[in-house]
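Structure first, then comments.
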Amino acid sequence: MCWLQVRVLSALFFLNLQDCGRKTVRDLFDVLEYVSIEVSPITRAERVKAAESVIFESLTPEQREFVEFVLSRYIESGEEVLDREVLPELLKLKYEAIQDAIAALGGADNITSTFVDFQKYLYSVLSA
């Protein structure tokens with residue numbers, strides 16, 4: 001069996017674990033990177049740790065608190081938490097009411113940009 005076949009089988013195994021509902025600590029991004037360019041997969045916690053300084057450098061204290069909350073959910077549950085459709089649910093979990101989130105973080109546009117903007121750093125720090 002060649003190295004590429006082994007890598008593809010590893011990726012398929014990972015995907016099957018996700019389909020079976022098993023909790024994984026790596027993202028599909030890492031598995032694909034591993035298969036295509038031999039980059040070892042990392043855990044979500046390692047990814048967050050590597051990107052924290054870049055993510056937090058331009059955030060207000062309130063934004064930082066919210067992003068820390070989102071990142072903790074990401075580490076625990078996976079990349080599905082980073083979907084824009086999940087944002088209202090995350091805001092309710094963190095602030096109990098959308099109005100409280102708006103009061104803490106600014107308007108809806110500011111909240112959305114905070115939620116979306118930090119994610120580019122999450123996946124670029126170790127890939128660079």
Side-chain angles (χ1 to χ4, degrees):
M1 189 176 290
C2 75
W3 67 269
L4 183 58
Q5 288 172 318
V6 170
R7 291 188 183 289
V8 169
L9 287 174
S10 296
L12 291 173
F13 177 74
F14 172 83
L15 294 173
N16 283 335
L17 284 179
Q18 282 190 321
D19 287 343
C20 293
R22 285 204 174 147
K23 198 171 197 172
T24 60
V25 294
R26 291 181 176 83
D27 289 347
L28 177 58
F29 175 85
D30 296 306
V31 174
L32 294 174
E33 204 171 44
Y34 172 72
V35 169
S36 66
I37 55 175
E38 297 187 49
V39 174
S40 295
I42 61 171
T43 66
R44 289 188 289 269
E46 290 169 327
R47 179 178 305 290
V48 168
K49 182 89 170 136
E52 278 179 334
S53 63
V54 178
I55 289 171
F56 296 144
E57 73 183 14
S58 63
L59 298 179
T60 66
E62 293 81 9
Q63 290 170 326
R64 180 182 173 132
E65 184 179 325
F66 176 64
V67 171
E68 285 175 339
F69 172 77
V70 173
L71 289 172
S72 70
R73 295 291 177 150
Y74 163 74
I75 290 169
E76 180 182 307
S77 303
E79 68 269 12
E80 297 84 14
V81 170
L82 303 177
D83 190 320
R84 265 193 207 185
E85 292 180 13
V86 179
L87 179 57
E89 182 182 330
L90 291 169
L91 292 170
K92 288 176 187 172
L93 284 170
K94 172 74 177 144
Y95 299 100
E96 297 185 13
I98 299 292
Q99 301 302 21
D100 294 338
I102 290 171
L105 300 171
D109 290 340
N110 193 30
I111 292 170
T112 302
S113 67
T114 299
F115 182 73
V116 170
D117 289 349
F118 84 86
Q119 295 181 35
K120 64 184 167 207
Y121 301 115
L122 192 59
Y123 286 97
S124 67
V125 171
L126 293 177
S127 296

In residues 48-59, what donor-acceptor pairs under 3.5 Å come from side-chain atoms, sequence neighbours left out?
none

Show which side-chain atoms of residues 91-111 pair as donor or acceptor with protein atoms under 3.5 Å away, not counting sequence neighbours.
residue	atom	partner	partner atom	Å
Lys94	NZ	Glu65	OE2	2.8
Asn110	ND2	Leu105	O	2.5

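Of the possible donor and acceptor atoms, none in the side chain of Glu89 sits under 3.5 Å from a partner among the backbone N and O of Val86.
For the atom pair OG (Ser124) and CD (Gln119), the distance works out to 11.5 Å, reported to the nearest 0.5 Å.
Ring planes of Tyr74 and Tyr123: perpendicular class, angle over 60° (limits at 30 and 60°).
Taking Arg64 as the reference, Glu68 meet the side chain to side chain donor-acceptor pair (under 3.5 Å) condition, with sequence neighbours excluded.
Checking Val70, Val116, Leu90 one by one against Leu82, the side chain to side chain contact (heavy atoms under 4.5 Å, CB included) holds for a single residue, Val70.
Pairing each heavy atom of Glu80 with each of Ser77, the nearest pair is OE1-O, 3.4 Å.
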